[in-house]
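Accompanying notes for the structure given below.
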Number of protein chains: 2
Amino acid sequence: MGTAVGGGRAVPRYVQIADEIVQQIRAGLLKPGEMVPSESELVERYGVSGGTIRKAMVEVRASGLVDTRHGKGSMVKDRPPVRLRSSERFRRSHRRGGKAAYLAESEQSGATAKVNLLYSGALDAPEEIAERLGIEAGTQVLARRRLYFRNGTPVETATSYVPWDVAKDIPELFAENPGPGGIYARLEDHGHEFAEFVETLQARLATKAEASELALNPGAPVVHLIRNAVTEEGRVVEVCDTLMAADQFVFSYRIPATD
Amino acid sequence: MGTAVGGGRAVPRYVQIADEIVQQIRAGLLKPGEMVPSESELVERYGVSGGTIRKAMVEVRASGLVDTRHGKGSMVKDRPPVRLRSSERFRRSHRRGGKAAYLAESEQSGATAKVNLLYSGALDAPEEIAERLGIEAGTQVLARRRLYFRNGTPVETATSYVPWDVAKDIPELFAENPGPGGIYARLEDHGHEFAEFVETLQARLATKAEASELALNPGAPVVHLIRNAVTEEGRVVEVCDTLMAADQFVFSYRIPATD
DNA sequence: AAGTGGTCTAGACCACTCG
DNA sequence: GAGTGGTCTAGACCACTTA
C-alpha cells in the first residue's frame, strides 16, 4: 500500500527521473551501445517504486534515444540517420530507368534497404480507399502490402490498392517482384500514363499495434501518408497507404508558384 | 493486492479495452462533444482495476480522437483531423486577391482564426536559416514571429526570416499587419517574383517549452515545417520556420508526374 | 535458473472542475 | 463537496533473454 506521497508535486517524480536519464544520454555519460541500468537497479538508486520507474522509462523511450527489448533491457541507440523523401521521386524518367524509389533513396543515403511482401491479392476496398479510387466501398481491389526495412529495422508499412479492372490485365502486379521501376512502371506499360500524384500527410502517435509492427516504442510518433496516383484521363488508378516511423524520415516538397 | 492475472495474454487487456473505446468513437456510438465514461465507471463496466483502465485511456488519447482535461473527463473531439493545408495555398492569384493563406483556409473549414505578432525586428540569423538564405551565419536578418490561433487555442508558431538587404526597402514587413496577401505579396510588389516554394517537414514529439507555448500535453506530436521561398532569379528571399500541433493539420501536396 | 521487462491489482492521496 | 483524472505504492505472475 505504501506511503502514497501522491500527485501534489509541481513536476512528477517520474518525469524528473526520465529527464535525468535522458540528460545522461545526451551528455554522453551513457554512450551509444551501452545499457541503461535495469529497472530494479533504478528502483534502488532513486528510492521509488517499480511503477514509478516504469513510467519514467516510458518517457525515456518516447525520447527515441533508447531501444528497449523484453528480457534484455534498454540500450542507448546509435544516432538514427534520417532519410530524405522528395518530390523528385516520381519522375517518369526514374521509372523508365528502372529505379524503385525506396531502394534508390536508401542507397543514396548509405543505408541498406530491404522490402518484404506481406500480402498480395484480392481484398474488399476499405471505405476511404474506395472513395479515393472512385469506386463503391466493398468492391474488390488488388492489395499489395509491404514492409520496408532500413539497416535491418522496419521503418515503413505500405499498402497499394489498385481497382480490379485495372489490375487484372497486369500479371506483374500479382508477382512478388513487379519488375524494374515498380508497379508504377507496370501501370504505365499498360497505358495508364500518370499526370500527377497527390500526397496527404498526417502525424500522430502510433497505436500499440502499429508500434509493434514497426518495432517502435509505444507513444512514438508516426506519419500516415496516403498517395493518389492520377492518370492523364483523371482517373485514380492506385492509392498507396503508408505508415512511417517519424524519426526516420524528412519530407520535402516543391511547390511551383503558378498563378 | 489482487489476483494478479499477469502479463501472459496474447493481446493485453488494456489494449483490448482501448480498441473497444476507439471503435465506439469511430462507429459513431460516442459522438463528437460527448463525454467518454469516467475511469471509475469503466472500472466497473470492464471489471478491471483502475491502473488497467488508466493505461487503456493513455492508448485512447494516443489515437487523437479524444480531448482529456483534468477534473473533467475525456470528450470526443469535434473533428478529429481538422484543417487542410494544400499546395494551392501559394498561388499568385490568391495573393493578388488579397487573401492571407492561413485565414482563408481556416474560415473555409468553418473555424475562427487569429494571429498574434510576437516579435518583429532584426535578429542574428540562426545557422540553419542562414544556410538556407545563402548568407553567413550570424548576419542580421528581419525576423517576424507569429502565434496562430484556431477556435481560440494556439495551434502554430511561425517565424519568417528575410535577408536585411531585401527587407530594408519594404516598410510593410516591419508593421504589425503587412497588408493584403501577406508578406509574400509585399515581396512581389518590390520585384521579387517567386518561382517556387520548397517545404520540408519532420514530425517529432514536442519539447516541454514547445508544449507549453502551444498548450499541448507533454509528449504530443508536432510537425516542424520549414519553407524556402525561391524567386525566379533563384534566390531564397524568405525562410519560414513553423511548428504545428500535429493533430490540427493534414498536409496535402500535388506532385506533377513530369519527366 | 537468474534477471529483465510487461501486465495487473487494490488501495492511497492529491489537484482540478463544476455546481 | 462530489466527482474526475494524475501520481504513487507494494506486491504478484508472466514472458522473454542469456547463460
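In what follows, chains carry the letters A, B, and so on, assigned in the order in which the sequence lines appear, proteins first and then strands, with residues in each chain numbered from 1.
Residues A:Glu128 and A:Arg132 are paired through a salt bridge, judged by an N-O separation under 4.0 Å between the basic side chain and the carboxylate. The pair B:Lys77-B:Asp247 meets the salt-bridge criterion, since a charged nitrogen lies less than 4.0 angstrom from a carboxylate oxygen. For A:Glu20 and A:Arg13, the salt-bridge test fails: no basic side-chain N is under 4.0 Å from an acidic carboxylate O.
When the nucleotides C:dT7, C:dC18, C:dA15 are ranked by their closest atom to the side chain of B:His70, C:dA15 comes out on top. For A:Glu39, the side-chain atoms get nearest to C:dG5 when compared with the rest of C:dC8, D:dC8, C:dG5. Ranking C:dG5, D:dG6, D:dT7 by closeness to the A:Lys55 side chain, first place goes to D:dT7. Residue B:Lys72 has its side chain nearest to C:dT17 when only C:dT17, D:dT18, D:dG5 are considered. Candidate nucleotides D:dG5, D:dT9, C:dG6 were compared by shortest atom distance to the side chain of B:Ser38, and D:dG5 ranks first. Across C:dT9, C:dC8, D:dA10, the shortest atom-to-atom separation from the side chain of A:Ser49 is found for D:dA10. When distances are taken from the side chain of A:Arg13 to each of D:dC8, C:dT7, C:dG5, the shortest belongs to D:dC8.
For the pair B:Glu44 CD and D:dG3 C1', the computed distance is 13 Å after rounding to whole Å. Rounded to a whole Å, the CG atom of B:Asp67 is 13 Å from the C1' atom of D:dG5. Atom pair B:Gln16:CD and C:dT7:P shows a separation of 12 Å (rounding to whole Å applied). Remark: P of D:dG6 and CE of B:Met57 are 9 Å apart, rounded to the nearest angstrom. Computed from coordinates, the B:Arg54 CZ to C:dT9 P distance equals 15 Å when rounded to whole Å. B:Tyr46 has its OH atom 14 Å from the P atom of C:dT9, to the nearest Å. Between the CD1 atom of B:Ile53 and the C1' atom of C:dG11 there is a distance of 16 Å, rounded to whole Å.
Classified by interplanar angle (parallel below 30°, tilted 30° to 60°, perpendicular above 60°), the ring pair B:Tyr253/A:Tyr253 is parallel.
Contact annotation: A:Tyr14 does not reach the phosphate of D:dC8 (side-chain N/O to OP1 or OP2, under 4.0 Å). Applying the 4.0 Å criterion to OP1 and OP2 of D:dG6, one finds that B:Arg61 has a side-chain N or O inside that range. An OP1 or OP2 oxygen of C:dG5 is reached within less than 4.0 angstrom by no side-chain nitrogen or oxygen of A:Ser74. Contact between the side-chain N/O atoms of B:Ser40 and the OP1/OP2 oxygens of D:dT4 is found at a separation under 4.0 Å.
Of the N and O atoms on the side chains of A:Ser160 and A:Arg146, at least one donor lies less than 3.5 Å from an acceptor on the other residue.
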